Amino acid sequence: MSLQGKRIVVGLGGGIAAFKAVQLVRELMRRGAEVRVAMTDAATRFVGPITFAGLTGEPPVTDLWAEDYAGEVHVELGEWADAVVIAPATMNLMARAVTGQANDAVLATLACARGEVFFAPAMHQRMWSHPATQKNVDTLRDRGAVILGPVTGPLANGEIGEGRMMEAEDIAEGVESHLTHAADLAGTRILITAGPTHEDLDPVRFLGNRSSGRMGYAIAAKALRRGAEVTLVSGPVHLPIPMGAAAVQVRSAEQMHEAVMSRFDQHDVVIMAAAVADYRPAQRAPHKIKKGRNLELELVRTPDILADVGAKRAQRPSVLVGFALETETLEEAARGKLEGKAADLIVANDARDGLGGDTNRVTLVDGNSATPLPEMSKHALANQILDRVRALLSARSPQPSPKAEQGPPN
Ligand code: CTP
């Protein structure tokens, strides 16, 4: 069975969809998982804990103050689980998770979770589309959680809208597909660049670009989830460093160049998602530039980091991935960069729809093929890129597994 040996906590928030969590527990158990249940106080008003005790053979954790839980129950459950699945994830529960509250069984378990975390949201469509909820969902995703749903359909009040919890079987399917390739990059060392660079004009001004860093950070979070060792070389962004990544913070293209060149040959894979400035001011004024007549700036080229790694690599990295942002002749331009920079894969971003959205439409271009992918979230795309990286690693190695290729991690 596909979830054989996996330990899963199902955490319930207080919503009418709680009844579907009963089916979810059954479905996860049917697939071979060992399941324990945690419930908020509100959840116990929708479904009786005794139902879950009957199904799983263990009473759900509902109250951190109960006498038979004396000890470390708030830590134990999160430590024990390979995955925590919050279903239903209500507006309130997600908001509390975002702010790091840990004052009930579900939130304490989440706070101590060492494995994969899933949220299956369920709420009225206006609560779902509320900016607070949307921001919270983004934050949870940026921290590495997987959001399953919601779907559009009849809501509790009879209206049709987006906010309905996914069906138990679909949630179980989502959990299973994430957990089964959970460790397929174990032992692989990946260096990722992310974010913009800032090129200083003087002590208070710089030239920059609008890169948010979210693509590179999403790849880092997914690679960590899949067992890789990750070095994240990041330009200035406002994102939390994914837990477990070795972070190197830089500002300018030159600093990023130096950070990458001194590390690339210790990595099996290098993925350059950063939007590196192509030019910097020829001089950085030591004092704030005073206004006067028109100012002429001389700009000089920055080093092309991707091209430099491509030119200097020997044994490592086995796989070199670049990004390209194009508004026309997407595939042709990407192929030019693939060859010009000696990369193995170019993620060609179609910029015709504008920039800075939550989703991307890309074409993956390698030596043999160009594969257009449908529009998808940066997190879904991160997994697709890593799937392709894994295939390239396997193709370069006589053994199928990247772990076998590199020997045991040191
Ligand atoms: N890149 C880099 N160093 C630079 C500029 C770009 O490593 N100084 C990397 C980016 O991280 C990205 C890839 O090169 O992975 C493509 O960047 P892009 O700016 O699209 O391509 P350029 O080769 O600079 O071409 P152009 O801007 O002319 O399209």
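Counting convention: from 1, in listed order, for ligands and their atoms alike. Because the structure is a prediction, the values reported are computed rather than measured. Numbers here are sequence positions counted from 1.
- In terms of protein heavy-atom proximity, atom 11 (O) of ligand 1 is closest to A274 O, 2.8 Å.
- Nearest protein heavy-atom neighbour of atom 5 (C) of ligand 1: D278 OD1, 3.2 Å.
- Closest heavy-atom approach to atom 8 (N) of ligand 1 within the set P303, G322, A194, A253: this belongs to P303.
- Set against the non-hydrogen atoms of T302, the atoms of ligand 1 under 4.0 Å away are 8 (N).
- E375 has its side chain out of reach of V362: every pair of non-hydrogen atoms, C-beta onward, lies at least 4.5 Å apart.
- No side-chain donor from either of S252 and E254 sits under 3.5 Å from a side-chain acceptor of the other.
- Contacts of A273 with ligand 1, taken as heavy-atom pairs under 4.0 Å, are absent altogether.
- Within the 4.5 Å cutoff, side-chain heavy atoms of I271 are placed close to those of F323.
- The protein non-hydrogen atom at the shortest distance from atom 3 (N) of ligand 1 is I305 N, 3.0 Å.
- Contact annotation: the side chain of D265 never approaches that of K312 to less than 4.5 Å [non-hydrogen atoms, C-beta and beyond].
- The protein non-hydrogen atom at the shortest distance from atom 23 (O) of ligand 1 is K341 NZ, 2.7 Å.
- Looking only at protein heavy atoms, the nearest one to atom 20 (O) of ligand 1 is K337 NZ, 3.0 Å.
- Closest protein heavy atom to atom 12 (C) of ligand 1: F323 O, 3.1 Å.
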